[in-house]
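First up is the structure itself, then whatever we jot down about it.
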Amino acid sequence: MGLTTGACFAHLGHVVVCVDNDLTRLEQIKSCAIPIYEVGLDHLVTESIAKNLLSFSSNPSEAVRDADFVFLCLPTPSGEDGKADVSAVIQVAAQIGSDLKGGSVVVNKSTVPVNSAAVVSQLINRPDVAVVSNPEFLREGSAVDDFLNPDRIVIGCIDESAGWRVAELYSSARCPVLLTDPVSAETIKYMANAFLAMKVSFVNEVASYCHVSGGDVLEVMRGLSLDPRIGARFLSPGPGWGGSCFPKDTVAIAASARSLGLDLGLVDQTIVSNRMHQGRVVQFIEEAVGSSVGIPQVSILGLAFKAGTNDTRESPAVALATRLFDRGYKVRAFDPVALAPANSGIEQVFSLEAALTDADVVVIATEWKEFGAITPDMFKMLMRRPVVVDLRHVLDARTLREVGIDVRVLGRQY
Ligand code: UGA
């Protein structure tokens, strides 16, 4: 998210230098070949480079020397026991301390465990430099829009004036600004992701319950969402949650709590529930395959963990493709932008037609719009038999079933 943050701040009129130690990546970005698929990002990068507001460097010491604000947007992958591995944050904080300008502010945007602002402050060891925690709530696929139209800005600080200076950088934002202490800000980030993951696990359990009880998950959710205390957002049933954030952050907050002598039962169970759901989804697909002669060909539409990104990290689509391959199916996949991980056994194809051809079952695993536009004729003419498992509710299942396509949706009865 460092590039999105840098490009968006440049778009707001700030002079930004983005620093990375990957020289190939830097060269790519400088020539406006953005290595990630993120709507609107290439435009912002090109525009900001042309206005001389955005530049790139591989030298942190040099880059921070004249900076009023230094944002740490470093990765914090899963480390030992699921805890966030903060080594990149520690290394950079230790490295830049002596180069910082007096009166500057170091802003931690990385997703970090509680007390990281204090750790960064110690490593920087500069009483004339403030450290502020400013977690981000950007979603992949809509990160630019989320940055420019945030629903809140959270700032954790000890030095309030430094906190307000950071808030002022988001000049165009019309949203509440929450100035709080650093530990609370760090906790808000993790708990927001844990809560959202729990919501998705909840709706997926409703889908499984409807599958066995005879209800209709969409009707049930419509009924629930009319209660404003529940609401309608972020409650779409699917193949389970994935991506680079929910899986690592739920495990990290649970591990952090355990190290403090506390079990977060609900968060632990959310992780278990997601795993169980993915198992049930595989079973549901196997029911759709039924018994057939020879090795069944299953085609997965979508590899990204959700639409709008080419990110396949912890993607439920990849997880279920791999599980089906391990169970002996021939597995083929198509995604408009994402690639199948190397050595996964998944045969990647590059058109919808190629994906559908001779498939015994098609599984819609990512909610790309184009999957909703597949015509009945395409299913009928290209597939060996038109059986479709729609895990993302993108098809008009009722209409398709009327014309002979066997569309199956977990938690909906037809
Ligand atoms: C998530 C949070 O939504 C962001 O607020 C946060 O900033 C970000 O993590 C982060 O920590 O960096 P993201 O991982 O991009 O954003 O993806 P989401 O849109 O939250 O979706 C996560 C997973 O839940 C996906 O697999 C998605 O398909 C699934 N999902 C989401 C559903 O199955 N149903 C829903 O209704 C919503």
Side-chain angles (χ1 to χ4, degrees), residues 1-5 8 36-39 41 73-78 84 108-112 134-147 149-154 175 185-208 217-218 221 224-225 230-253 270-271 273-275 277-278 281 302-320 335 338 364-368 371 390-394 409-411:
M1 288 293 160
L3 182 61
T4 309
T5 301
C8 287
I36 52 167
Y37 179 86
E38 189 63 63
V39 174
L41 185 58
C73 303
L74 295 150
T76 52
S78 262
N108 202 354
K109 254 203 180 305
S110 303
T111 302
V112 285
N134 173 215
E136 55 94 358
F137 304 102
L138 312 183
R139 291 163 299 170
E140 288 186 33
S142 52
V144 169
D145 192 49
D146 287 349
F147 188 101
N149 302 293
D151 42 29
R152 83 282 213 194
I153 293 166
V154 173
C175 67
E186 290 158 347
T187 306
I188 287 168
K189 168 68 196 190
Y190 274 111
M191 288 304 180
N193 276 357
F195 186 82
L196 292 169
M198 191 179 67
K199 272 186 105 170
V200 178
S201 276
F202 178 81
V203 71
N204 286 336
E205 289 199 354
V206 175
S208 294
V217 61
L218 295 191
M221 291 320 295
L224 288 178
S225 69
I230 296 174
R233 294 184 65 191
F234 224 77
L235 281 169
S236 304
W241 43 264
S244 63
C245 303
F246 284 6
K248 119 180 135 54
D249 291 350
T250 44
V251 168
I253 189 73
T270 299
I271 298 165
S273 169
N274 197 45
R275 203 177 306 131
H277 181 68
Q278 293 192 2
V281 165
L303 285 164
F305 79 96
K306 65 174 188 177
T309 176
N310 59 350
D311 196 343
T312 56
R313 284 175 288 176
E314 301 283 333
S315 168
V318 172
L320 75 90
D335 189 289
I364 300 182
T366 309
E367 69 279 26
W368 289 106
F371 299 159
D390 182 5
L391 297 172
R392 292 288 195 170
H393 301 253
V394 298
V409 182
L410 187 72

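Just so you know, ligand 1 is whichever comes first in the structure, and atom 1 is the first atom listed for that ligand. Not measured: the values here are computed from a predicted model.
Taking the side-chain contact (heavy atoms from CB on, under 4.5 Å) definition, one finds that A207 meets it with V217, P237, L410, sequence neighbours left out.
Remark: the backbone N or O of E136 is paired with a side-chain donor or acceptor of K189 at under 3.5 angstrom.
Nearest heavy atom pair, residue G141 against residue E38, reads N-OE2, 2.7 Å. What you find for K306 and T366 is that their closest heavy atoms are C-CG2, 3.3 Å.
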Taking a 3.5 Å cut-off between nitrogen or oxygen atoms, can you list every pair linking ligand 1 to the protein, with distances?
from, atom 1, to, atom 2, distance (Å)
ligand 1, 5 (O), F137, O, 3.2
ligand 1, 7 (O), L138, N, 3.0
ligand 1, 7 (O), L138, O, 2.8
ligand 1, 7 (O), K189, NZ, 3.3
ligand 1, 11 (O), K189, NZ, 2.6
ligand 1, 11 (O), N193, ND2, 2.8
ligand 1, 12 (O), E136, OE2, 3.4
ligand 1, 15 (O), E140, N, 2.7
ligand 1, 15 (O), K306, NZ, 3.2
ligand 1, 17 (O), K306, NZ, 3.2
ligand 1, 19 (O), K306, NZ, 2.8
ligand 1, 26 (O), G242, N, 3.0
ligand 1, 26 (O), F305, O, 3.1
ligand 1, 28 (O), F305, O, 3.4
ligand 1, 28 (O), R392, NH1, 2.9
ligand 1, 28 (O), R392, NH2, 3.1
ligand 1, 34 (N), S236, O, 2.8
ligand 1, 36 (O), L235, N, 3.3
ligand 1, 36 (O), S236, N, 2.8

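Separating the CG atom in D249 from the CE atom in M191 is a distance of 11.5 Å, to the nearest 0.5 Å.
A cation-pi contact, defined as under 6.0 Å to the ring centre and within 45° of the axis, links R152 to F137.
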